[in-house]
> 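Below you'll find the structure I mean.
Below, read A as the first sequence line, B as the second, and so on, with proteins coming before strands; counting in each chain starts at 1.
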There are 4 protein chains.
Amino acid sequence: MLIEVDFAGEVPIYTQVRDQIVIGIAAGLLKPGETLPSVRRLAADIGINVHTVNKAYSLLRDEGFLLMDRRSGAEIAPLMTEDPSFDELLSNKLIPVVAEAICRRMDIEDFCLTVRKTYSFIKRGGK
Amino acid sequence: MLIEVDFAGEVPIYTQVRDQIVIGIAAGLLKPGETLPSVRRLAADIGINVHTVNKAYSLLRDEGFLLMDRRSGAEIAPLMTEDPSFDELLSNKLIPVVAEAICRRMDIEDFCLTVRKTYSFIKRGGK
Amino acid sequence: MLIEVDFAGEVPIYTQVRDQIVIGIAAGLLKPGETLPSVRRLAADIGINVHTVNKAYSLLRDEGFLLMDRRSGAEIAPLMTEDPSFDELLSNKLIPVVAEAICRRMDIEDFCLTVRKTYSFIKRGGK
Amino acid sequence: MLIEVDFAGEVPIYTQVRDQIVIGIAAGLLKPGETLPSVRRLAADIGINVHTVNKAYSLLRDEGFLLMDRRSGAEIAPLMTEDPSFDELLSNKLIPVVAEAICRRMDIEDFCLTVRKTYSFIKRGGK
DNA sequence: GTGGTCTAGACCACG
DNA sequence: GTGGTCTAGACCACC
């Protein structure tokens with residue numbers, strides 16, 4: 001799976017790396033048990049600092065997406081179970097986005113339509 | 001409309017102020033033409049620096065939510081027209097959120113349900 | 001001649017008033033000897049502060065566009081004579097504008113074309 | 001490329017810095033991909049505050065002249081593509097300038113001549 | 001090391 | 001009284 005970062009964007013690079021791995025898992029490109037490249041290797045491939053990859057991996061581990069083992073490196077964690085508390089977290093993330101959509105006079109069902117299109121986009125592997 | 005900020009959180013204060021004003025507009029608590037408190041006044045009310053409020057106001061102006069009237073400070077801009085390009089911007093914002101929801105095995109229609117609940121929440125004035 | 005100002009714009013109101021009167025003179029809508037409305041009157045018409053109109057009138061007087069008489073108010077000055085030093089002043093004003101046009105890859109003759117179109121636009125009375 | 005500011009002038013310092021960088025790009029002294037000094041460094045060199053440089057850089061970034069690379073500071077953005085909407089923006093900027101030239105009885109072709117001279121001046125690197 | 005954020009306080013242009 | 005500009009200095013996130 002190819003990871004690309006935008007150095008000029010406002011999103012921190014470690015967040016971009018984290019996001020793309022989550023997207024890869026969601027798309028099924030990265031399957032539970034699959035090993036990720038080593039921190040050094042990925043850093044060299046992308047052309048970023050080792051510390052940055054390390055931060056992304058650690059974040060993913062803390063979030064439960066990755067298992068890290070000193071010997072075998074990082075691997076994708078088993079499928080997560082449903083977490084009812086995610087709903088509230090999601091809602092908090094959505095508040096400013098939905099508010100802006102309302103201000104821009106987007107219909108809420110059009111919003112949901114875009115959600116579904118985004119879902120398909122991810123499932124297709126971001127193509 | 002009351003604006004409150006979380007000084008301990010990781011979200012920049014100027015972003016919090018910006019978001020809350022957008023939410024206020026979406027909720028209908030702030031109507032087009034209505035004037036906002038002056039930067040000095042709001043800064044004093046919230047207990048933050050004038051420049052921080054200034055940054056939030058300038059951002060909102062650049063985004064088209066506010067007009068900075070040279071005479072009387074800031075006022076809410078007229079209702080925005082629908083902008084077809086917002087759809088793509090929205091999609092980009094949603095990608096990491098939807099991806100995470102997929103990983104957490106949330107059904108896409110449950111996601112849409114949360115969108116609708118968030119919509120109602122905002123329309124109720126955040127109550 | 002109608003004068004309109006944009007209160008939300010970044011151009012100071014007194015500058016806008018000054019500019020529009022200069023445009024009116026250039027278009028021939030305001031002829032030498034013609035009297036302008038009194039400061040109070042114009043301020044009331046536009047809905048701005050008396051001081052602001054005063055500043056615009058004073059500026060125009062200093063630039064040689066207006067004659068001000070305590071008794072009869074302001075009137076348009078006689079046609080100006082050619083001023084060779086204006087060329088350098090003009091060049092200084094154009095430097096940043098031309099530089100930006102170059103960066104945006106506009107051909108210099110297209111720039112001149114826009115100058116001529118702007119000329120016609122003004123001569124038509126801004127229509 | 002040397003940047004100099006006039007502290008006594010009425011043009012804001014951050015605008016002067018912005019303008020000179022745009023002129024530098026137009027003159028070819030600053031090429032796409034080239035890195036600019038860090039905000040701290042340039043501020044020290046010119047003898048102004050870091051925030052003032054920051055404002056100039058941010059403005060240039062918003063205008064598309066600069067990319068702010070998270071790793072190495074600011075660099076000149078790739079050559080801009082032609083933007084048809086620039087024509088209208090340019091026209092609006094030219095209106096008061098052309099109007100004043102008309103009042104000062106400058107021939108429109110002399111105006112264009114000054115435009116071309118200014119163009120050459122910039123292309124020569126402002127010498 | 002870089003820029004981003006926040007604070008604090010001053011002065012000025014504008015209205 | 002309003003926002004705009006500039007300065008100064010601090011802390012933090014990122015790399």
> Is there any protein nitrogen or oxygen under 3.5 Å from a nitrogen or oxygen in nucleotides 12-15 of chain E, and what are the pairs?
unit_1: E/dC14; atom_1: OP1; unit_2: C/Tyr14; atom_2: OH; d: 3.3
unit_1: E/dC14; atom_1: OP2; unit_2: C/Tyr14; atom_2: OH; d: 3.4
unit_1: E/dC14; atom_1: OP2; unit_2: C/Lys55; atom_2: NZ; d: 2.8
unit_1: E/dG15; atom_1: OP1; unit_2: B/Arg70; atom_2: NE; d: 3.3
unit_1: E/dG15; atom_1: OP1; unit_2: C/Ile13; atom_2: N; d: 2.8
unit_1: E/dG15; atom_1: OP2; unit_2: C/Tyr14; atom_2: N; d: 3.4

> So what does the secondary structure string of DNA chain E come out as, 5' to 3', with Watson-Crick or wobble pairs under 3.5 angstrom, [ ] for crossing and | for pairs with another strand?
||||||||||||||.
> Other residues, nucleotides and ligands only: do more than 12 of their heavy atoms fall within 6.0 Å of CZ on C/Arg40?
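Atom CZ in C/Arg40 is not packed in, count stays at 12 or less.
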> Could you give the start and end, 5' to 3', of the contact zone on DNA chain F for chain D, using atoms under 4.0 Å from its heavy atoms?
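Using the under 4.0 Å cut-off, the span is F/dT5 to F/dC15.
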> Going by salt bridge (Lys or Arg N to Asp or Glu O under 4.0 Å), name the residues that satisfy it together with A/Asp6, two or more places apart in sequence or in a different chain.
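With sequence neighbours excluded, A/Asp6 shows a salt bridge (Lys or Arg N to Asp or Glu O under 4.0 Å) to no residue whatsoever.
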> Would you name the heavy atoms of C/Ala99 and D/Ala26 that are closest together and state the gap between them?
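C/Ala99 and D/Ala26 have their closest heavy atoms at O-CB, 3.5 Å.
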> Any side chain to side chain donor-acceptor pair (under 3.5 Å) pairs touching residues 49-58 of chain C, not counting sequence neighbours?
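Output for this query is empty, none listed.
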> Can you run down the side chain to side chain donor-acceptor pair (under 3.5 Å) pairs that involve residues 13-38 of chain B, sequence neighbours left out, and say none if there aren't any?
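Listed once each, the pairs are A/Glu100-B/Arg18, B/Arg18-B/Glu63.
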> Between B/Val97 and B/Lys93, is the side chain to side chain contact (heavy atoms under 4.5 Å, CB included) condition met? List the steps.
CA-CA 8 Å; B/Val97 184; B/Lys93 279 193 192 175; over 6 Å; no
> On DNA chain E, does the nearest nucleotide to D/Ala74 precede the nearest nucleotide to B/Val50 from the 5' side, or the other way round? Give the residue.
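The residue closer to the strand's 5' end, by nearest nucleotide, is D/Ala74.
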> I'd like to know if the side chain of B/Arg70 reaches the main chain of C/Glu10, judged simply by a donor and an acceptor atom lying under 3.5 Å from each other, with no hydrogens or angles considered.
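Side chain of B/Arg70 to backbone of C/Glu10, a donor-acceptor pair under 3.5 Å: yes, one is there.
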> Might you point out which heavy atoms bring D/Leu60 and D/Val22 nearest each other, and give the distance in Å?
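Heavy atoms only, the tightest pair is CD2-CG2, 3.7 Å.
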> Under the side chain to side chain contact (heavy atoms under 4.5 Å, CB included) rule, what do C/Ile48 and C/Ile3 come out as? Steps first, then yes or no, please.
CA-CA 11 Å; C/Ile48 61 178; C/Ile3 290 182; over 6 Å; no
> Remember a base hit wins even if backbone is also touched, and classify B/Arg41 as base, sugar-phosphate or nothing at under 4.0 Å, heavy atoms.
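Nothing: the residue B/Arg41, judged by heavy atoms under 4.0 Å, touches no strand.
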> What is the distance from atom CD1 of A/Ile76 to atom CD1 of A/Ile25, rounded to the nearest 0.5 Å?
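If I round to the nearest 0.5 Å, the distance is 4.0 Å.
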